[in-house]
Amino acid sequence: MSSPAFRFRLATLDDAPALLSIYAPYVEKTAISFEYDVPSLDEFRRRIADISRKYPYLVAEDENGQLLGYAYTHTFIARKAYDHCAETTIYLALDARKHGLGKRFYRTIEELSLAQNIYNLYACIGEPQGADDEYLTDNSIRFHEHMGFRRIGVFTRSGYKFGRWYNMSWAEKLLMEHPEHPEPVIPFPQLDKALVADILRRAAE
């Protein structure tokens, strides 16, 4: 995969098995996810459906239709005053990393968020205690910094997995100057379909 060709589209429930196979190694072999157990297929389908009611849930696939990864935004804090904020999540197939796909996912998520009148994005990132170990590195922190996120807080030894403690940090990116009187957030399914299609098309160019 030296120069992978891919396209972005919206996830469907039929994608759940392939997406779960991408996610599973992160649960089983890393502390990138703080889940202990791989969710069931039914649970994963439920998560896709729940998120898609308000936010974009994107997948990238290669020219053969193989899924390379997924990214979505979701509720930051479930209070009305936080509506203009969202949390980001991204997972790539292990052999699809380091090809610029993550950057394109995030730029697309940012553009779609602005179309929804979402101005703040947050990322919850596990980080090792000191040096990298076999389960967790600081790569995600560096990636988010490169994408313009600012590390704003650390919860010390808040995650316990594989017999060791990990920190959890929050990173923030403000997408624009905040209006004094913001327009209501538009649920993703209500966005103009032509606008969404154009954003997804340009993301893979």
Side-chain angles (χ1 to χ4, degrees), residues 1-30 32-33 35 38-39 41 43-75 86-116 118 121-126 137 139-149 171 173 175 187-189 191-205:
M1 281 181 58
S2 55
S3 298
F6 57 86
R7 74 179 183 104
F8 290 112
R9 62 172 175 79
L10 302 181
T12 71
L13 296 185
D14 290 339
D15 294 321
L19 298 183
L20 186 56
S21 70
I22 290 173
Y23 180 57
Y26 289 96
V27 176
E28 297 170 330
K29 300 177 182 179
T30 82
I32 293 172
S33 169
E35 285 199 88
V38 177
L41 185 56
E43 167 61 15
F44 206 79
R45 286 195 183 101
R46 184 194 64 77
R47 295 180 187 183
I48 294 173
D50 285 351
I51 290 164
S52 299
R53 290 188 181 98
K54 185 175 180 181
Y55 301 98
Y57 198 123
L58 307 181
V59 300
E61 61 182 7
D62 67 16
E63 54 196 358
N64 299 314
Q66 180 178 349
L67 294 185
L68 306 174
Y70 62 97
Y72 56 85
T73 50
H74 51 109
T75 301
E87 186 178 343
T88 62
T89 293
I90 181 171
Y91 286 98
L92 302 181
L94 298 181
D95 60 354
R97 297 176 296 179
K98 303 185 185 301
H99 294 288
L101 182 57
K103 296 175 186 177
R104 294 193 184 206
F105 259 130
Y106 259 49
R107 290 181 184 130
T108 308
I109 285 289
E110 289 173 14
E111 195 168 350
L112 292 172
S113 295
L114 284 172
Q116 289 186 266
I118 290 171
L121 293 182
Y122 293 93
C124 176
I125 307 167
T137 70
N139 287 348
S140 184
I141 297 170
R142 303 284 84 81
F143 167 76
H144 283 85
E145 288 176 345
H146 182 73
M147 294 305 301
F149 281 74
K173 184 172 184 178
L175 300 180
F188 182 74
L191 285 183
D192 180 80
K193 299 299 187 293
L195 172 65
V196 172
D198 183 60
I199 291 172
L200 297 181
R201 177 188 57 78
R202 287 188 285 104
E205 290 179 347

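What's counted below: heavy atoms across the whole structure, side chains too, no hydrogens, waters or symmetry copies.
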Q) Please walk me through it: do Thr89 and Ile51 pass side-chain contact (heavy atoms from CB on, under 4.5 Å)? A) CA-CA 11 Å; Thr89 293; Ile51 290 164; over 6 Å; no
Q.
Run Phe8 and Phe105 through ring-ring contact (aromatic ring centres under 6.0 Å, His included) and show every step you take.
A. CA-CA 8 Å; Phe8 290 112; Phe105 259 130; 4.8 Å; yes
Q: Check the pair Glu110, Arg107 against salt bridge (Lys or Arg N to Asp or Glu O under 4.0 Å), reporting the backbone distance first and the verdict last.
A: CA-CA 5 Å; Glu110 289 173 14; Arg107 290 181 184 130; over 6 Å; no
Q: Decide yes or no on salt bridge (Lys or Arg N to Asp or Glu O under 4.0 Å) for Asp198 and Arg201, but give the supporting numbers first.
A: CA-CA 5 Å; Asp198 183 60; Arg201 177 188 57 78; 2.5 Å; yes
Q: Run the numbers on Arg9 and Asp15 for side-chain contact (heavy atoms from CB on, under 4.5 Å), then give the verdict.
A: CA-CA 11 Å; Arg9 62 172 175 79; Asp15 294 321; 2.9 Å; yes
Q: Run the numbers on Tyr55 and Phe188 for ring-ring contact (aromatic ring centres under 6.0 Å, His included), then give the verdict.
A: CA-CA 5 Å; Tyr55 301 98; Phe188 182 74; 9.1 Å; no
Q: Begin from the C-alpha positions of Ile48 and Leu19 and carry the test side-chain contact (heavy atoms from CB on, under 4.5 Å) through to its verdict.
A: CA-CA 10 Å; Ile48 294 173; Leu19 298 183; 4.1 Å; yes
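Put simply, the residue from Glu63, Glu61, Arg104 that forms a side-chain contact (heavy atoms from CB on, under 4.5 Å) with Phe6 is Arg104.
With a 4.5 Å cut-off on side-chain heavy atoms, Leu58 and Leu10 count as touching. In this structure the side chain of Ile90 never reaches within 4.5 angstrom of the side chain of Ile109, judged on heavy atoms. Within the 4.5 Å cutoff, no side-chain heavy atoms of Ser140 are placed close to those of Ile32. Put simply, the side chain of Lys103 reaches to within 4.5 Å of the side chain of His146, judged on heavy atoms. Residues Ile141 and Phe149 have side chains not in contact (no heavy-atom distance under 4.5 Å, counting atoms from C-beta outward).
Listed for the Asn64 side chain is no donor-acceptor partner under 3.5 Å among the backbone atoms of Gln66.
In terms of heavy atoms, Pro17 sits closest to Leu41 at N-CD1, 3.6 Å. Of all non-hydrogen atoms in Ala86 and Thr73, the two that sit nearest each other are CB-CB, 4.0 Å. In this structure, Ala115 and Leu191 approach most closely via the heavy-atom pair O-CD2, 3.5 Å. Of all heavy-atom pairs spanning Pro189 and Ser52, the tightest one is CG-O, 3.4 Å. Summarising the geometry of Ala203 relative to Thr108, their closest heavy-atom pair is CB-OG1, 3.0 Å, with the distance given to 0.1 Å. In this structure, Pro187 and Gln116 approach most closely via the heavy-atom pair C-NE2, 3.9 Å.
To the nearest 0.5 Å, atoms CG (Leu94) and CG (Leu68) are separated by 12.0 Å. Distance check: His74 NE2 to Thr88 OG1 gives 6.5 Å after rounding to the nearest 0.5 Å. A distance of 12.0 Å separates CG of Leu20 from OH of Tyr91, quoted to the nearest 0.5 Å. Here the straight-line distance linking atom CG of Leu13 with atom CZ of Arg46 works out to 12.0 Å at 0.5 Å rounding. The structure places CD1 of Ile118 at 9.5 Å from CG of Leu112, a figure rounded to the nearest 0.5 Å. Rounding to the nearest 0.5 angstrom, the gap separating the CG atom in Leu121 from the OG atom in Ser113 is 4.5 Å.
Scored by the side chain to side chain donor-acceptor pair (under 3.5 Å) test, Arg142 finds Asp138, Glu145 as partners (sequence neighbours excluded). With sequence neighbours excluded, the residues forming a salt bridge (Lys or Arg N to Asp or Glu O under 4.0 Å) with Glu111 are Arg202, listed by chain and number.
The aromatic rings of Phe143 and Tyr106 sit perpendicular, their planes meeting at an angle over 60°, well past the 30° parallel limit.
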